[in-house]
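Below you'll find the structure, written out as structure tokens, and then a few comments.
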Amino acid sequence: MAELTSEQKYELISQNLQEVLNKDIIMNVLEKEKRPVKIYWGTAPTGRPHCGYFVPMTKIAHFLRAGCEVTILLADLHAFLDNMKAPLEVVEYRVQFYEKVIKTMLREMGTPIERLKFVVGKSYQLSAEYTLDIFKLSNICSVNGAKRAGADVVKQVENPLLSGLIYPLMQALDEEHLGVDAQFGGIDQRKIFVLAEENLPSMGYKKRAHLMNPMVPGLSGGKMSASDPNSKIDLLDDAKTVKNKIKKAFAAPGEVEGNGLIAMIEYVFFPITAVNGKEPVFHINRDEKYGGPITYHNIDDLKADYAAQKLFPVDLKLGVTDALNELLEPIRQALLNDEEFKAIELKAYPPPVAPEKKKKKEKKGKGTRYPGAAVDGEVAVDAVAEKVAETKLE
């Protein structure tokens with residue numbers, strides 16, 4: 001296979017991204033330094049990974065094809081800081097859960113992972129050097145700046161914890177301590193990327209490039225979130241659950257914007273079929289009475305037909321259900337047949353403990369010292385009444 005040119009490598013790196021900040025940094029590495037671009041992607045192991053994770057997985061596949069050195073940060077301390085969604089002892093098992101899931105997804109997509117590096121946040125984020133850098137950055141960045149940076153990533157509550165301000169500072173510093181040229185993430189992390197660009201040079205650290213993929217809308221509209229079960233399809237959901245969730249998905253006829261099903265076709269199915277050089281394809285096995293089967297090779301034609309209502313929500317749901325179950329089945333089988341994975345899953349996401357049943361309040365007895373009370377299984381007779389009865393008999 002012929003060596004890719006710098007332009008071809010950049011095309012792969014930037015393909016399907018919503019925005020790239022500091023493209024010149026990447027081009028300088030490719031054209032002048034002539035070495036692999038070092039990129040990191042971080043994920044906080046909180047809720048169970050969902051189908052939205054296919055979006056960064058396709059990009060990681062592109063990075064590897066472009067010859068990049070890719071680091072995946074399993075950000076355990078970030079998961080702990082994000083409004084304490086889980087205690088640290090549980091997060092440790094979620095780190096193992098996420099690593100196995102990500103490796104399985106990439107393998108089943110046909111992506112070699114030998115050049116992929118996994119790093120756990122705690123392995124370097126508790127060092128003296130990193131801690132000192134947190135203090136230095138906190139002495140440069142304002143409270144409002146840190147709060148604004150994390151607004152789209154850290155869960156916002158009425159009375160926020162200080163941890164929500166530390167979170168974006170750590171994510172900015174990770175670029176330096178992982179020694180990368182670029183950080184990759186969702187467009188929702190843009191404010192954290194800008195915080196890094198504005199503040200790291202003040203500490204004597206170089207500016208990095210930032211690569212941002214679009215966010216796939218959830219099934220109920222809005223962002224697909226690991227913590228919102230109604231917005232997502234878990235990677236381990238069975239075929240019936242997938243079908244039921246997609247059946248309930250929001251998809252207004254003729255409306256393309258904000259349509260989670262169309263977004264999934266655009267950013268998951270088409271890129272995955274093309275990730276290994278194959279022609280992009282999406283097939284809908286529609287009944288003949290509704291127009292018969294139809295196949296699309298680009299998203300523009302599909303969007304045009306949906307906007308013109310030549311394609312209906314029921315058609316999308318049929319096609320997405322079939323395509324998603326086909327994509328998930330080998331991943332489900334690989335993970336559910338892995339005994340080590342199943343043991344990790346029980347500790348990472350233990351089943352909820354059923355609340356204790358309230359004990360029935362015992363009815364207090366009246367004792368034996370009252371008229372008509374039972375004594376040794378017989379009814380006691382009131383002493384006075386008994387005396388009266390005896391007098392009458394006399």
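Quick note: numbers below take in every heavy atom, side chains included, and nothing from hydrogens, waters or symmetry partners.
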Verify, without hydrogens or angle tests, whether Lys245 (side chain) and Lys232 (backbone) share a donor-acceptor contact under 3.5 angstrom. yes
At their closest point, which heavy atom of Ala239 faces which heavy atom of Asn325, and how far apart are they? CA-OD1, 3.3 Å
Polar contact flag, side-chain donor to acceptor under 3.5 angstrom, Asp174-Tyr124: yes
Does NZ in Lys243 sit with more than 12 non-hydrogen atoms of other residues, nucleotides or ligands closer than 6.0 Å? no
Judged by atom type as modelled, is there a donor-acceptor pair below 3.5 Å linking the side chain of Arg332 to the main-chain atoms of Leu236? no
His177 and Asp133: side chain donor to acceptor below 3.5 Å: yes
Any side-chain to backbone donor/acceptor pair from Arg190 onto Met212? Under 3.5 Å, distance only. no
When rounded to the nearest 0.5 angstrom, what is the spacing between NZ in Lys117 and CG in Leu73? 11.0 Å
Run the side-chain contact (heavy atoms from CB on, under 4.5 Å) test on Asp287 and Lys289 for me, step by step, so that the C-alpha distance in whole Å, both residues' side-chain angles and the decisive distance to 0.1 Å come before the verdict. CA-CA 6 Å; Asp287 194 282; Lys289 63 183 177 182; 3.1 Å; yes
Under 4.0 Å between a side-chain nitrogen and a carboxylate oxygen: does that hold for Lys100 and Glu345? no
About how many Å separate CG of Leu261 and CE of Met264, when rounded to the nearest 0.5 Å? 7.0 Å
Tyr130 side chain to Met170 backbone, donor-acceptor under 3.5 Å: yes
Can you name the nearest heavy-atom pair linking Lys317 to Ala249, along with the distance? NZ-O, 3.0 Å
I'd like to check Leu169 versus Ser138 (side-chain heavy atoms, cut-off strictly below 4.5 Å). Are they in contact? yes
Could you tell me whether Glu92 and Lys347 have a side-chain N and a carboxylate O separated by less than 4.0 Å? no
What I want to find out is whether Lys9 reaches Glu3 closely enough, with some N-O distance under 4.0 Å, to be called a salt bridge. yes
Going only through I, L, V, M, F, W and Y residues with side-chain contacts under 4.5 Å, is there a path from Phe341 to Ile331? yes
Decide if atom CD of Glu326 counts as having more than 12 heavy atoms of other residues, nucleotides or ligands within a radius under 6.0 Å. no
Report the distance from atom CH2 of Trp41 to atom OG1 of Thr71, rounding to the nearest 0.5 Å. 12.5 Å
Under 6.0 Å from the OH atom of Tyr93, do we count more than 12 heavy atoms belonging to anything else shown? no
Are Cys51 and Val268 packed together at the side-chain level, in the sense that at least one heavy-atom pair is separated by less than 4.5 angstrom? no
In terms of heavy-atom contacts, Leu211 and Leu17 come closest through CB-CD1, 3.8 Å
Within the structure provided, determine whether Phe269 and Val320 are in side-chain contact (heavy-atom separation under 4.5 Å). yes
Exam field: side chain Lys303 to backbone Val256, donor-acceptor pair closer than 3.5 Å: no
Got a salt bridge between Asp181 and Lys206, using NZ or NE/NH1/NH2 to carboxylate O under 4.0 Å? yes
Please tell me if the side chains of Tyr98 and Ile72 come closer than 4.5 Å, counting only heavy atoms from C-beta onward. no
Flag, side chain of Arg115 to backbone of Glu69, donor-acceptor distance under 3.5 Å: no
If hydrophobic clusters are built from ILVMFWY residues whose side chains come within less than 4.5 Å, do Tyr167 and Ile140 share one? yes
What class does the angle between the rings of His210 and Phe193 fall in, given that below 30° is parallel, 30 to 60° is tilted and above 60° is perpendicular? parallel
Rounding to 0.5 Å, atoms OG (Ser123) and CG (Leu74) come to a distance of 9.5 Å
Before we go on, tell me: are the rings of Phe97 and Tyr349 under 6.0 Å apart, centre to centre? yes
Over 12 foreign heavy atoms within 6.0 Å of CD, Glu89: yes
Considering all heavy atoms of both residues, which atom of Thr273 and which atom of Pro280 are nearest to each other, and what is their separation? OG1-CA, 3.2 Å
Co-membership, hydrophobic cluster, residues Val180 and Tyr205, 4.5 Å side-chain: yes
Min side-chain heavy-atom separation Val101-Leu335 under 4.5 Å: yes
Would you please classify the geometry between the Phe282 ring and the Phe270 ring as parallel, tilted or perpendicular, with 30° and 60° separating the classes? perpendicular
Please assess Leu235 against Arg48 for the test side-chain contact (heavy atoms from CB on, under 4.5 Å), listing each intermediate value before the final yes or no. CA-CA 8 Å; Leu235 294 168; Arg48 291 172 178 269; over 6 Å; no
Any Gln309 side-chain heavy atom under 4.5 Å of Tyr306 side chain: no
Using modelled atom types only, decide if a donor and an acceptor are shared between the side chain of Asn22 and the backbone of Arg208 within a distance under 3.5 Å. yes
Consider only side-chain heavy atoms of I, L, V, M, F, W and Y, link residues closer than 4.5 Å, and tell whether Tyr10 and Ile25 are in one cluster. no
Among the clusters formed by ILVMFWY side chains lying less than 4.5 Å apart, do Ile39 and Met27 turn up in the same one? yes
Expected output: side-chain Lys38 to main-chain Ala182 donor-acceptor under 3.5 Å: no
Candidate pair Phe184 and Val70, rule side-chain contact (heavy atoms from CB on, under 4.5 Å), full reasoning: CA-CA 10 Å; Phe184 165 58; Val70 182; over 6 Å; no
Going by distance alone, is a donor N or O of one side chain under 3.5 Å from an acceptor N or O of the other, for Gln189 and Asp152? no
Where the side chain of Asp238 meets the backbone of Lys240, is there a donor-acceptor pair that is under 3.5 Å apart? yes
Stepwise, does the side-chain contact (heavy atoms from CB on, under 4.5 Å) test hold for Leu316 with Leu311? CA-CA 7 Å; Leu316 281 186; Leu311 200 64; 4.1 Å; yes
Asn244 vs Thr241, side chain to side chain donor-acceptor pair (under 3.5 Å): CA-CA, chis, key distance, verdict: CA-CA 5 Å; Asn244 289 337; Thr241 302; 5.8 Å; no
Kindly give the heavy-atom pair with the smallest separation between Val216 and Gly260, and that separation in Å. CG1-O, 4.4 Å
Spatial distance of atom OG (Ser6) from atom NZ (Lys32) [nearest 0.5 Å]: 12.0 Å
As an exercise, state the distance from SG of Cys141 to CE of Met203, rounded to the nearest 0.5 Å. 11.0 Å
Is the terminal nitrogen or CZ of Lys122 (NZ for Lys, CZ for Arg) located under 6.0 angstrom from the six-membered ring centre of Phe80 and within 45° of that ring's axis? no
Tell me yes or no: between the side chains of Gln183 and Gln171, is some donor less than 3.5 Å from an acceptor? yes
Under 3.5 Å donor-acceptor, His297 side chain and Val281 backbone: no
More than 12 heavy atoms of other groups within 6.0 Å of Lys342 NZ: yes
Side chains of Met105 and Thr111: does their closest heavy-atom pair fall under 4.5 Å? no
What heavy-atom pair brings Pro168 and Ala146 nearest, and what distance separates the two atoms? CG-O, 3.5 Å
Are more than 12 heavy atoms, taken from residues, nucleotides or ligands other than Tyr290, located less than 6.0 Å from that residue's OH atom? no
Quick one: are Phe54 and Leu328 in side-chain contact, heavy atoms under 4.5 Å? yes
